[in-house]
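What follows is a set of notes on a single structure, which appears directly below.
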2 protein chains.
Amino acid sequence: MMTEDTRKAGARRASGRSNGEGRKADSALTRSKLIEAAAKLFSDNGFQAVSVREIAQAAGVNPALVNYHFGSKQQLFEEVIRIYAADNVADRMTRLAQERRRLGRLELEDVVEIYLAPMIDPQFDTDSDGVFSRLHAVMIAERMEAFDQIAARAFTAVNVTFLDELERCLPHLTRHTITWRLFAMVGSMLYFGVRPAPPGLHLISKGGCDPMNREDMRKQLINYFIEGMRAPVR
Amino acid sequence: MMTEDTRKAGARRASGRSNGEGRKADSALTRSKLIEAAAKLFSDNGFQAVSVREIAQAAGVNPALVNYHFGSKQQLFEEVIRIYAADNVADRMTRLAQERRRLGRLELEDVVEIYLAPMIDPQFDTDSDGVFSRLHAVMIAERMEAFDQIAARAFTAVNVTFLDELERCLPHLTRHTITWRLFAMVGSMLYFGVRPAPPGLHLISKGGCDPMNREDMRKQLINYFIEGMRAPVR
DNA sequence: TCAATCATTAAACAAATGTTTAAAACTATT
DNA sequence: AATAGTTTTAAACATTTGTTTAATGATTGA
């Protein structure tokens, strides 16, 4: 409540997308440098553990620019989340459309594989490898009020789409059951997305199980997901 | 490096278990009050987001006692982790022994159910419901050097035991595959353990899927885990 | 070219942080 | 009851935090 007014004022003054798109080159560059640096640092260390000064230094800009361009540290984080979530969602939707065009009616195997592609497909290795999963973990660990709204806006559409597809492929299951299992899949993949690998995995497998080895991970897990999804409720 | 010596000295002076067990009633009470308060706050808000003063206030003791009894905020967190991990592990090991005595040779269904019991069994609702899962998420989100050691010490034995059982039940699969899938199960259950529920789950299921409803969660997921685990690698 | 707007900077702000200190209170042993 | 040892307390410590401010630089449009 103490900084509420000034923060909003700052954010409005800065972000103001209302009057045009590519309006100032330096500004957009600074913003993207901050977002990139923040994404890396937040995903590696969490939200509270990273200071505005660290982010600014990593981006090579002045610390005050965080507040100037985004209003506050928290709003910068939210912007990072929005961008990476949107990328993740766009990846999946694009793939789904492509595969639908290519194969016509999709089988369960296809739908599951497409949904997990951003996290499991070795050919899908963007430069932001794993960053999204870790950001997700950070949001969950350090509860943020704004996040539920952001997640709802970002993920509801893609999840509804995939639930529709899955429901069509699994007529013996209720949407209720399928929803539970879809989120179980997400939990698994987020877990393998954290860095370093889930505690104990490296040790207990004597280095054999490595989530960085997407090829192996996909091979060992894809049927686990598919057959799990297909299992009756009993 | 600046506080290393004094911290260790403080911790040694305080924890010194060497000269006896139940030596001072107040001390043990203060310690347990701090641990309980810290577990609640850390699991709800993360590590960095919680201050020593908050913990002390919640425990009803002086802030300086955190450093006196545990050496530092971080060492208090580590102690919390150790205790809750030990509880979690003990639960599973006890159950396994019980069921082995009761049923003799265990089937895949039994082993999976026992492993997941602390997170999925409605009868297993301790007062620390969900706290362990959230603490786990916090450790993952806010990387801590000490955690890998703690996790290794706490979980290796129980995981080896259950991997042995699973390997016996699944002779058509390699231990490598089983290890991947065991951790996939863990990831799912940790995801459902966070509070509030995984982002979007409540919304997209219109309130139908609620991880607090252990009975429903178990019913919808148990076969997903079992049949997923059993699936061939292909 | 002048004015206005936007972007950047260095400095300062108040508040909160983990931790330390030195004295006090308490407990147990002699 | 006196002593020694442990536990608790309030206060202070030095940092660090996110954010604000006021001045400067840069860019754009008239």
Side-chain angles (χ1 to χ4, degrees), chain A residues 1-34 38 41-42 45-57 59-78, chain B residues 1-34 38 41-42 45-57 59-78:
Chain A
M1 61 184 69
M2 57 174 170
T3 55
E4 192 64 25
D5 293 341
T6 49
R7 243 202 299 152
K8 280 187 180 172
R12 235 181 269 121
R13 174 163 40 107
S15 66
R17 274 207 194 96
S18 51
N19 65 342
E21 189 54 30
R23 46 195 174 59
K24 193 61 66 60
D26 286 3
S27 176
L29 187 73
T30 301
R31 283 178 64 95
S32 70
K33 279 195 291 188
L34 279 171
L41 286 167
F42 284 144
N45 310 315
F47 175 73
Q48 299 262 8
V50 175
S51 71
V52 171
R53 287 169 176 80
E54 286 179 77
I55 299 168
Q57 187 177 356
V61 306
N62 189 283
L65 292 178
V66 167
N67 297 275
Y68 178 77
H69 283 289
F70 300 94
S72 69
K73 178 190 175 188
Q74 160 129 4
Q75 284 170 285
L76 167 58
F77 181 77
E78 291 172 16
Chain B
M1 59 184 71
M2 56 174 172
T3 55
E4 193 64 25
D5 293 341
T6 51
R7 245 203 294 152
K8 281 188 178 173
R12 235 182 268 118
R13 173 164 39 109
S15 66
R17 276 208 193 96
S18 51
N19 65 341
E21 189 53 32
R23 45 194 174 61
K24 194 59 66 61
D26 285 3
S27 177
L29 187 73
T30 300
R31 284 179 63 96
S32 70
K33 280 195 292 189
L34 279 170
L41 286 167
F42 284 144
N45 310 315
F47 176 73
Q48 299 263 6
V50 175
S51 71
V52 170
R53 286 167 177 84
E54 285 180 78
I55 298 168
Q57 187 177 356
V61 305
N62 190 284
L65 291 178
V66 167
N67 297 275
Y68 179 76
H69 283 289
F70 299 94
S72 69
K73 178 191 175 189
Q74 160 129 5
Q75 283 170 285
L76 167 58
F77 180 77
E78 290 172 16

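A note on names: the letters A, B, ... follow the listed sequences, proteins ahead of strands, and every chain is numbered from 1.
Considering every non-hydrogen atom in both F42(A) and K73(A), the closest pair reads CE2-CE, 4.1 Å. Minimum heavy-atom separation, V50(A) to N45(A): CG2-CB, 3.8 Å.
With rounding to whole Å, F77(B) atom CZ is found 14 Å from dG18(C) atom P. Atom-to-atom, CD of Q74(B) to P of dT17(C) comes out at 17 Å; the value is rounded to the nearest Å. When the C1' atom of dG18(C) is taken as reference, atom OH of Y68(B) falls 19 Å away, rounded to whole Å. Atom CD in Q57(B) sits roughly 13 Å away from atom P in dA16(C) (whole-Å rounding). As a whole-Å value, the separation of R31(B) CZ from dT7(D) P is 10 Å. Whole-Å rounding puts the F70(B) CZ to dT7(D) P distance at 12 Å.
Remark: N62(A), A64(A), L65(A) in residues 59-66 of chain A come within less than 4.0 Å of DNA chain C through at least one heavy atom.
Within the structure, every side-chain polar atom (N or O) of H69(B) is placed at least 4.0 Å from both OP1 and OP2 of dT6(D). For S27(B), a side-chain nitrogen or oxygen approaches OP1 or OP2 of dT7(D) to under 4.0 Å. For the OP1/OP2 pair of dT8(C) and a distance below 4.0 Å, the side-chain nitrogens and oxygens of T30(A) include at least one atom meeting the criterion.
With rounding to the nearest 0.5 Å, the separation of CD in Q57(B) from CG in N62(B) is 12.0 Å. For the atom pair NE2 of H69(A) and OG of S32(A), the computed distance is 10.0 Å after rounding to the nearest 0.5 Å. Atom OH of Y68(B) is separated from atom OG1 of T30(B) by 10.0 Å, given to the nearest 0.5 angstrom.
With sequence neighbours left out, V66(B) forms a side chain to side chain contact (heavy atoms under 4.5 Å, CB included) with L34(B), V52(B), L76(B). A search for side chain to side chain donor-acceptor pair (under 3.5 Å) contacts involving S51(B) returns E54(B), not counting sequence neighbours.
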### Message
Between F47(A) and Q48(B), does the side-chain contact (heavy atoms from CB on, under 4.5 Å) criterion hold? Intermediate values first, please.
### Response
CA-CA 9 Å; F47(A) 175 73; Q48(B) 299 263 6; over 6 Å; no
Below 3.5 Å between N/O atoms, which protein atoms pair up with nucleotides 16-18 of chain D? Just atom names and distances, please.
from: dG18(D); atom 1: OP1; to: V50(A); atom 2: O; distance (Å): 3.3
from: dG18(D); atom 1: OP1; to: K73(A); atom 2: NZ; distance (Å): 2.8
from: dG18(D); atom 1: OP2; to: V52(A); atom 2: N; distance (Å): 2.9
from: dG18(D); atom 1: N7; to: R53(A); atom 2: NH1; distance (Å): 2.8
from: dG18(D); atom 1: O6; to: R53(A); atom 2: NH2; distance (Å): 2.9

